[in-house]
Amino acid sequence: MNSNINLLRTEMLSNMCDERTCMLQDQFNVSMNHVHALAILVSTFHHGKQPSAIDQKTFAQYTERTAFERPLTSGVAYAVKVLHTDREKFEKRHGWTIKKMDKGDPSSPQDYITEKLDPAPIQDEYAPVTLSQKTVAHIVSIDMMSGEEDRENILRARASGKGVLTSPFPLLKSNHLDVVLTFAVYKTDLPADATPDQRIEATLGYLGASYDVPSLVEKLLHQLASKQTIVVNVYDTTNRSAPINMYGPSETDVGHLHLSKLDFGDPSRRHEIIAG
Ligand code: WA2
């Protein structure tokens with residue numbers, strides 16, 4: 001009898017876990033497709049038109065009005081590729097200097113003020129943010145290549161042509177772990193079978209979306225009203241021997257535990273949901 005109940009409990013747990021995994025994965029996939037479409041929008045109407053049909057105000061309006069298309073995201077922004085030889089001309093045209101990313105005091109993220117940042121030190125190239133959704137307006141003018149996680153994402157996105165994810169890290173003005181999804185924007189004459197070097201050469205900029213994982217997973221799980229309480233943990237298990245807890249209590253009771261793989265579309269990252 002007891003073992004029957006245990007069996008039922010295990011099966012129910014496994015169903016609930018799979019259901020949550022599917023929901024998270026589906027919502028992530030939906031928003032990833034829309035971020036991809038935003039990259040094409042920038043390519044078509046920003047770089048593809050002379051003069052550009054998209055300025056900061058248009059971009060802020062459009063991304064605000066289409067935010068419902070990007071569940072789980074907390075903001076989207078566009079950073080443009082600027083070579084050092086073009087830096088001065090670029091800064092004059094925009095009326096600001098390219099800033100170096102500085103995480104500031106992580107214990108008081110609300111004190112973060114973009115205007116107080118130092119100019120970016122000399123590099124071969126930069127990726128300053130020129131267009132942003134209002135929710136991430138504080139990253140405009142910051143060189144995304146001066147942040148370790150953002151830089152790695154930019155390099156991987158442009159060489160691969162795929163959407164890529166960072167490992168979890170605290171965003172500016174945030175005190176928990178988030179992830180960033182990045183798509184490169186290319187010149188339109190790039191052939192579909194281009195080599196990584198051709199891709200890098202044809203890169204114009206980077207469209208990125210930030211995911212505030214804890215609060216968004218929380219919202220999502222709340223929509224699944226359930227009489228049975230279950231504890232859900234989301235992990236980045238890219239490094240198997242050092243999983244990173246992205247959501248949920250750090251100590252989960254061992255006992256009934258069920259594990260499902262989460263696929264966020266970037267083969268070089270691994271995520272899992274564990275429910276108990
Ligand atoms: N977006 C929002 N807050 C951040 C951040 C970021 N990256 N990095 C640190 N805090 C414009 O991949 C290009 C977004 C980076 C895109």
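Numbering of ligands and ligand atoms starts at 1, following listing order. Atoms considered below: every heavy atom in the structure, side chains included; atoms not considered: hydrogens, waters and symmetry mates.
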Next item on the list: Assign the ring pair Y78 / H47 to parallel, tilted or perpendicular, where the plane angle (0 to 90°) is split at 30° and 60°.
Entry: perpendicular
Checklist line | R20 and E272 ion-paired at < 4.0 Å | finding: no
Check: Counting from 1, what ligand 1 atoms have a heavy atom of D150 closer than 4.0 Å?
Finding: 5 (C), 6 (C), 7 (N), 8 (N), 9 (C), 14 (C), 15 (C)
Notebook entry, point to check: Which of these passes ring pair (Phe, Tyr, Trp, His ring centres under 6.0 Å) with H271: Y211, Y247, F264?
Noted result: F264
Notebook entry, point to check: Is it true that atom CD of E19 has more than 12 heavy atoms of other residues, nucleotides or ligands lying nearer than 6.0 Å?
Noted result: yes
Note to self: Give me the residue, atom name and distance of the protein heavy atom closest to atom 10 (N) of ligand 1.
What the structure shows: L172 N, 3.0 Å
Notebook entry, point to check: For atom 11 (C) of ligand 1, what is the nearest protein heavy atom, given as residue, atom name and distance?
Noted result: A77 O, 3.6 Å
Next item on the list: Find all atoms of ligand 1 within a distance of less than 4.0 Å from any non-hydrogen atom belonging to T182, and give their numbers and elements.
Entry: 12 (O)
Notebook entry, point to check: With a cut-off of 6.0 Å (strictly less than), are more than 12 heavy atoms of other residues, nucleotides or ligands near CD of Q56?
Noted result: yes
Item checked: SB check D266 R156 (cutoff 4.0 Å) -> yes
Margin query: Heavy-atom pairs closer than 4.0 Å: do any link ligand 1 to the side chain of L171, the backbone, both, or neither?
Written below: both
Note to self: Just to be sure I'm reading this right: ignoring hydrogens, which of D212, V136, I139, T135 gets closest to atom 1 (N) of ligand 1? Compare them by their nearest heavy atoms.
What the structure shows: I139
Checklist line | Candidate with minimal heavy-atom separation from atom 13 (C) of ligand 1, of S132, G147, S174, G208 | finding: G208
